[in-house]
Undergrad: 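Just dropping this structure here.
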Amino acid sequence: MASIRELFLSNVAQVVDQPSGLEIERAEGVYLYGPDGKAYLDLISGISVSNVGHSHPHIVKAVQEQAAKHMHLQVYGEFAVTLQAKLAEKVLAKLPSNFGSVYFGNSGAEAIEGALKVAKKFTGRTGLVSCEHSYHGSTHGALSIQGSEEFKQGYYPLLPDTHLMRYNNFEDLEKIGPTTAAVVVEAVQAESGYFPANPIWLQTLRQRCTKMGALLILDEIQTGMGRTGTWFAFEQYDIVPDILCLAKGFGGGMPLGAFVAPKHIMDVIKANPILGHITTFGGHPVSCAASLAAFEVIESNPQWLEEMPKKSELILRKLDHPKIKAVTGKGLMFCAHLEDSADAGKVIAYLEEHGVISDYFLFAGNAVRISPPLPISLEELEQGLQTILDALDAQ
Ligand SMILES: Cc1ncc(COP(=O)(O)O)c(C=O)c1O
């Protein structure tokens, strides 16, 4: 009989030649467990998803209760879905008062797609500006604004009138002009290797958008839900975006995305024509229940955010090794950029063998990811970091 790994490799569509193919039976807190009971310390939270840890009992209970009440009933936007209404109220309460409307989707890419459409319709313009080395999703619109030519090959034609600027580069802000509908940017650029925005640059970018009448779409798909030490990273930059995109940790482990905007901007999708953006599953009641529970878990554990600077400091202090060129990041999202003498692939394989989960970045060549669940203790974090150092020593 074929093993699960063999069935996975032969029947499930693959996106790389040699995936890890690791089998996990269950996960709890900051650990994943294989079928043989082997424990793996999670240093990446399923790429910034499992912010509150795995299988948190409050989220599991919320999911079970909602699944038992009802799952999908009707397509998005028709019925007054209890959990959507409660979650939208919760999200808006966390944001500045200009935000007034939440559109629920299923994923990060969908949040970006919806935000791009709303910006085009609201401004009556087509220009889209984004950053080199940015990743906003794999669908056609999100791919069109992706900051890497290599990944677009084979998929043209994509959206026209897209323009790339360099992240943290002041000169390139000139690319935002009178035909720009929207600028899509991250407060910490994720897939280039967790590079935080220069606050003055992000503030100047905000001013430039306002001056040119372009909407600022902030992709907080990885940075949201406390990952940088505040609910949303923009709170630390003294700016307010026009549209905020959320997903990953927002769903509390379930598939959920959202874009949030002022009501008068969001309302462009409900008239001329009606149904400007629709989805069957967006805002699924069970996903919304998990998300609401995730908000509650973070609210009832304020120490996770308060104590985060100690964890950031530990990462920066501990990752001092001749084979580490630089460590970049913020909060609990860090990237160890390796010297040429080290190989990220070998480090990640060593970590897995020694019971620690890490991963690559899309656009940071030789680098290792550290973005554990927020409840990780200092001792657990130190142990994970030590295993990274051991992996480097072993090369
Ligand atoms: C910053 C950022 N934006 C958007 C996305 C797309 O999200 P999804 O994979 O849910 O479509 C990702 C996914 O990795 C991301 O890291």
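In listed order, ligands and their atoms are each counted from 1. Since the model is a prediction, treat every value here as computed from it, not as a measurement.
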Undergrad: Side chain or backbone, does Glu110 bring an N or O within less than 3.5 Å of an N or O on ligand 1?
TA: no
Undergrad: What protein heavy atom lies closest to atom 1 (C) of ligand 1? Include the residue and the distance to one decimal.
TA: Glu186 OE1, 3.2 Å
Undergrad: Measure the distance from atom 16 (O) of ligand 1 to every protein heavy atom, then report the residue, atom name and distance (to 0.1 Å) of the closest one.
TA: Gln222 NE2, 2.8 Å
Undergrad: As a test of the contact definition, would atom 10 (O) of ligand 1 count as having a protein heavy-atom neighbour under 4.0 Å?
TA: yes
Undergrad: Between Asn169 and Glu171, does a side chain to side chain donor-acceptor pair (under 3.5 Å) hold up when you go through it step by step?
TA: CA-CA 6 Å; Asn169 183 290; Glu171 227 174 89; 5.4 Å; no
Undergrad: Consider only side-chain heavy atoms of I, L, V, M, F, W and Y, link residues closer than 4.5 Å, and tell whether Val185 and Val260 are in one cluster.
TA: yes
Undergrad: Return the closest protein heavy atom for atom 8 (P) of ligand 1 as residue, atom name and distance.
TA: Gly108 N, 3.5 Å
Undergrad: Using the rule that two of Ile, Leu, Val, Met, Phe, Trp, Tyr join whenever any of their side-chain heavy atoms come within less than 4.5 Å, decide whether Val240 and Ile176 are in one cluster.
TA: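 Yes, one cluster joins them.
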Undergrad: Starting from atom 3 (N) of ligand 1, what is the nearest protein heavy atom, named by residue and atom, and what distance separates them?
TA: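 In this structure, atom 3 (N) of ligand 1 has Asp219 OD2, 2.6 Å as its nearest protein heavy atom.
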Undergrad: Distance under 6.0 Å and angle within 45° of the ring axis: does Arg369 meet both against Phe361?
TA: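 The answer is yes, since Arg369 meets both limits relative to Phe361.
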Undergrad: Could you tell me how the ring of Tyr103 sits relative to the ring of Tyr76: parallel (under 30°), tilted (30 to 60°) or perpendicular (over 60°)?
TA: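 Tilted.
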Undergrad: What is the closest protein heavy atom to atom 13 (C) of ligand 1, and at what distance does it sit?
TA: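 The closest heavy atom on the protein side is Lys248 CE, 3.2 Å.
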Undergrad: Can the ring centres of His337 and Phe195 be said to be less than 6.0 Å apart?
TA: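 Yes, the ring centres sit under 6.0 Å apart.
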Undergrad: Relative to atom 6 (C) of ligand 1, which among Ala190, Cys245, Ala109, Gly224 owns the nearest non-hydrogen atom?
TA: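 It is Ala109 whose heavy atom sits nearest to atom 6 (C) of ligand 1.
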